[in-house]
Amino acid sequence: MDIGYTNSRNSDLRTHARIYVAGHRGMVGSTLVRRLRAKGYANLILRTRQELDLADQAAVNRFMERAGADYVFIAAARVGGIVANNTYRGEFIYQNLIVQTNLIHAAMRAGVKRVMFLGSSCIYPRDCPQPIKEEYLLGGPLEHTNEPYAVAKIAGVKMCEAYNAQFGTQYVSVMPTNLYGPNDNYDPVSAHVLPALLRKAHLAKEEGADSLSVWGSGRPRREFLHVEDMADACILLMERGVGEGIYNVGSGTDVTIRELAETIARVVGFDGQLVFDASKPDGTPRKLLDVGRLRALGWRPRLGLEEGIRLTYQHCVENGVLGLAEAGHG
């Protein structure tokens, strides 16, 4: 079956390279755009949802054929925390599968030699050894609460591997840990744990509340990384010409949810009591990524957790997002 592969463009990138960032209004995509521009990459290709429906295969094919991209970052995704993942299971698997499939296949058809697919650390088994190495993928059952999302992301990883094998492309997959930073989602239902707690702590302080409810027992351990460090890691992989495999991106350290909540309360200035609701699910007991493969290339995160949260909170207050139901993303 002929599925439309054409001769690929030169993969030796310079600052004049045409780079398409899919999902450029989301937290990761917008940070990638900002960091690429700071490094001198001025020829960026960006499309809003209104300009390009990534769920429309024909539209994505037409766009990719005309765009002339040398490199594609796939940062477009339907994301959320435990509640959103567990509530909208069908939407999460469908929307992620269709968007990433359209983008990867259209890039191949258009001869785009190099693509970076951004996944998630939830692709790894729930109870795999810690820290989590890239080779642990498919080594056991997934965490139930976000299984549909994880399955979609695993499909993206395997699609990149398969296209590399069959078509000679150089499509690499990057698996970030829990990210946070400017332009995050602060919706109380769909947000991840750190932005959700940051918003709750801010509102509790503003309202003069005596206590703050935290989802779960507080015992699970999680790793967090500021999104600017994530973006810099992605750009490093692009500039080094890495064109295959999976790369974990994380801080290399983790904290309990209790410690996270205490740090956020300290940064925000909330001095009330933290109340942990153990009737709510905790999710995976621990998720700490082994980032040795990336560190071997010379990458290190710049921001520690408390410093990163402080910068994020300052940005939120200055831009008035924490009092709203939702911050800008998409």
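Values reported hereafter were calculated over all heavy atoms of this structure, with side chains retained and with hydrogens, waters and symmetry mates removed.
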Item to check | Minimum heavy-atom distance Asn164-Gly243, with the two atoms named | outcome: ND2-O, 3.6 Å
Checklist entry - Sub-3.5 Å donor-acceptor pair from the side chain of Arg47 to the main-chain atoms of Ala22, do we have one? => result no
Checklist entry - Are Val21 and Leu36 side-chain neighbours, meaning at least one heavy-atom pair lies under 4.5 Å? => result yes
Next on the checklist: Do Glu161 and Ile246 have side chains that approach each other closer than 4.5 Å (heavy atoms only, starting at C-beta)?
Outcome noted: yes
Next on the checklist: Using the rule that Ile, Leu, Val, Met, Phe, Trp and Tyr join whenever any side-chain heavy atoms are under 4.5 Å apart, tell me whether Val99 and Val151 fall into a single cluster.
Outcome noted: yes
Next on the checklist: Looking at His192 and Leu194, would you say the former's side chain and the latter's main chain have a donor-acceptor pair under 3.5 Å?
Outcome noted: no
Checklist entry - Is there a side-chain hydrogen bond (donor to acceptor under 3.5 Å, both in side chains) between Ser213 and Asp277 once you walk through the steps? => result CA-CA 7 Å; Ser213 176; Asp277 184 358; 4.9 Å; no
Item to check | Contact check, side chains of Ser251 and Glu223, non-hydrogen atoms, under 4.5 Å | outcome: yes
Checklist entry - For Lys205, does the NZ atom have more than 12 heavy-atom neighbours from other residues, nucleotides or ligands under 6.0 Å away? => result yes
Next on the checklist: Closer than 3.5 angstrom, by distance alone: can the side chain of Asn102 be matched with the main-chain N or O of Leu54 as a donor-acceptor pair?
Outcome noted: yes
Item to check | Ring geometry between Phe167 and Tyr163 (parallel below 30°, tilted from 30 to 60°, perpendicular above 60°) | outcome: perpendicular
Next on the checklist: How close do Trp299 and Leu294 get, counting heavy atoms only, and between which atoms?
Outcome noted: CE3-CD2, 3.4 Å
Checklist entry - Are Val115 and Ile98 grouped together when hydrophobic residues (ILVMFWY) are joined by side-chain heavy atoms under 4.5 angstrom apart? => result yes
Next on the checklist: Applying side-chain contact (heavy atoms from CB on, under 4.5 Å) to Val157 and Met175, what does each step give before you reach the verdict?
Outcome noted: CA-CA 10 Å; Val157 171; Met175 300 302 123; 3.5 Å; yes
Item to check | Sub-4.5 Å side-chain heavy-atom contact between Leu322 and Glu206 | outcome: no
Next on the checklist: Please check this pair: side chain of Asp229 against backbone of Arg302, looking for a donor-acceptor N/O pair closer than 3.5 Å.
Outcome noted: yes
Checklist entry - Side chain of Tyr171, backbone of Met108: donor and acceptor closer than 3.5 Å? => result yes
Item to check | Atom CZ of Phe276 with >12 non-hydrogen neighbours under 6.0 angstrom | outcome: yes
Checklist entry - Which atom names give the shortest non-hydrogen contact between Ala110 and Met64, and what distance separates them? => result CB-O, 3.6 Å
Next on the checklist: A side-chain contact here means heavy atoms from C-beta on lying under 4.5 Å apart; do Phe224 and Val193 qualify?
Outcome noted: yes
Checklist entry - Same cluster for Tyr149 and Met159 if Ile/Leu/Val/Met/Phe/Trp/Tyr side chains link at under 4.5 Å? => result no
Next on the checklist: Taking the side chain as everything from C-beta on, heavy atoms only, tell me whether Leu305 gets closer than 4.5 Å to Thr253.
Outcome noted: no
Next on the checklist: Ignoring hydrogens, what is the shortest heavy-atom contact between Gly218 and Asp282? Give both atom names and the distance.
Outcome noted: N-OD1, 4.3 Å
Item to check | Cationic tip of Arg293 above Tyr247 ring, under 6.0 Å, 45° of axis | outcome: yes
Checklist entry - Nearest heavy-atom pair of Cys122 and Ala150: which atoms, and what distance? => result O-CB, 3.3 Å
Checklist entry - Should the pair Glu306-Arg310 be classified as a salt bridge under the 4.0 Å nitrogen-to-oxygen rule? => result yes
Checklist entry - Hey, are His202 and Tyr313 close enough side-chain-wise for a donor-acceptor pair under 3.5 Å? => result yes
Checklist entry - Are side-chain heavy atoms of Asn86 and His144 found at a separation under 4.5 Å? => result yes
